[in-house]
Amino acid sequence: MKITTVHNIAFDEEEDIKAATLSSANELVVLTSAGTVGRYYIKEQKKEALFSVKSSIGYKDGGFDIDALTTIYTLGSIVVVVNDFKRHGFVHYPGKYNVLRLWRGEYHAEISCFPIALFKNEDGIPHLVYGEDWNHLQIMNLDTRQVLTAAKSLIEVNAEERHIEFYKNHEESNKLAWPRSYDYFFGELQMSPDNKHFLSAGWAWGSCDAYNVYEVDHFINNNRIQDKTINGWEHDNRATCWIDSETVAVAYNPLAEGDDDATKETPQEFHFYKVLEKEGKMEKKVAVVGLDVINATIHFNKTLNAIILFSDSIGVALVSLEGEILLHDETIIPDSYNSDLNLLLKTDAKSAVIYKIE
């Protein structure tokens, strides 16, 4: 296997590139320092302005921050742009509306990735899952802009029963009002390959990584919240991704977790969980020798049947589901990877390079 350069694009523009993503093999969506979000057609070397993130509306926090870490999400022609660790974002839907604003609460937003996921339902209608507050997600039909979860409570299924069980041996003076609101910080969201579930790489007080899975139909159609807990670990914002529609891989550092006999030389691991049961069940774990998998970004490519990892310290690596390193190139440090296209993207202020793993 090898990594080949597919396109090397130089942008002759006054504005710098602030964020970018591949929306198709021939299209880049780019945010520039001028605040413009545009689509760039690679083969045609043509650009199309879509909308601006600048606004005349005054916000106490300054509104959308062009210089802050930003992620661009796409689904067909739909574009969503959000500040990852701030409060603002936008939805652009050609033929429907130019700009729809997103705005979440400020409580620990600086350490909670703005939750965003796009999917189409069985009828092909695009939907958006997005964070409204630290413990509050909404799901919107993007065709109609109807928030399907507008009346959803922030109370879990069986919250009353759990409260009674937990406090049955407590003194009356130590008991709280109940049922309590959902106590969980949603994080980066990932849709399952069949679009029936979404994974939240969030956290809980302690503080700890707390990764949960939610069923889309239940989230839309039931008033109470029901999560399926994968597990909880040290708060490392560890790497995770779907392997298939019922399996999730999670990075694990035995030394950081205090495992018996773990040393600095103990390799980090991937733990594979079957997540559609009530509680996540670990199926297997594999060691990955010599790579810092905890701090990487990871994706699974079904065709290659392998996990793609990248970070500043790793570069790019391809690892089998048994932990074998199939490919490692420290000279390429991409910004993102599109598993559907099998393309890596690296940008700087005036250029973009697209790579393919072959």
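Side chains included, hydrogens not; waters and symmetry mates left out as well; all remaining heavy atoms used. We number each residue from 1, following the sequence as shown. Because the structure is predicted, anything quoted here is derived from the model rather than measured.
- The pair Glu27-Arg39 meets the salt-bridge criterion, since a charged nitrogen lies less than 4.0 angstrom from a carboxylate oxygen.
- Between the side chain of Thr263 and the backbone N or O of Glu265, at least one donor-acceptor pair lies under 3.5 Å.
- A donor-acceptor pair is defined here as one N or O able to donate and one able to accept, closer than 3.5 Å; no such pair exists between the side chain of Arg104 and the backbone of Arg87.
- With a 6.0 Å cutoff to the six-membered ring centre and a 45° limit on the axis angle, Lys175 does not count as a cation-pi contact of Tyr167.
- Within 6.0 Å of the CD atom in Glu110, the count of heavy atoms belonging to other residues, nucleotides or ligands exceeds 12.
- For the ring-ring contact (aromatic ring centres under 6.0 Å, His included) test, residues two or more places apart in sequence or in another chain that qualify with Trp134 are Tyr107, Phe185.
- Ion pair Arg224/Glu160 flagged as a salt bridge, since at least one NZ, NE, NH1 or NH2 atom sits closer than 4.0 Å to an Asp/Glu carboxylate oxygen.
- Applying the ring pair (Phe, Tyr, Trp, His ring centres under 6.0 Å) definition to pairs two or more places apart or across chains, those involving residues 296-354 are His299-Tyr337.
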| request: Begin from the C-alpha positions of Thr71 and Asp84 and carry the test side-chain hydrogen bond (donor to acceptor under 3.5 Å, both in side chains) through to its verdict. | output: CA-CA 6 Å; Thr71 297; Asp84 289 342; 2.8 Å; yes

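- Under a hydrophobic-cluster definition in which Ile, Leu, Val, Met, Phe, Trp and Tyr are linked whenever side-chain heavy atoms come within less than 4.5 Å, directly or via other members, Phe90 and Leu128 are assigned to different clusters.
- Note that Lys152 lies in the cation-pi zone of Phe219, set by a 6.0 Å cut-off to the ring centre and a 45° limit from the axis.
- Cation-pi contact between Lys47 and Tyr40: absent, since separation from the ring centre below 6.0 Å together with deviation from the ring axis within 45° is not met.
- Classification of Asp217 and Lys196 as a salt-bridged pair fails, no side-chain N sitting under 4.0 Å from a carboxylate O.
- A salt bridge is absent between Glu106 and Lys86; no separation between the charged side-chain nitrogens and carboxylate oxygens falls under 4.0 Å.
- One hydrophobic cluster holds both Phe198 and Phe119 under the rule that ILVMFWY side chains link at heavy-atom gaps under 4.5 Å.
- The list of salt bridge (Lys or Arg N to Asp or Glu O under 4.0 Å) pairs with a residue in residues 231-260, not counting sequence neighbours, reads Asp209-Arg238, Asp236-Arg238, Arg238-Glu257, Glu246-Lys274.
- Shown here is Arg101, whose CZ atom has more than 12 heavy atoms of other residues, nucleotides or ligands within 6.0 Å.
- Other residues, nucleotides and ligands contribute more than 12 heavy atoms inside 6.0 Å of the CD atom of Glu161.
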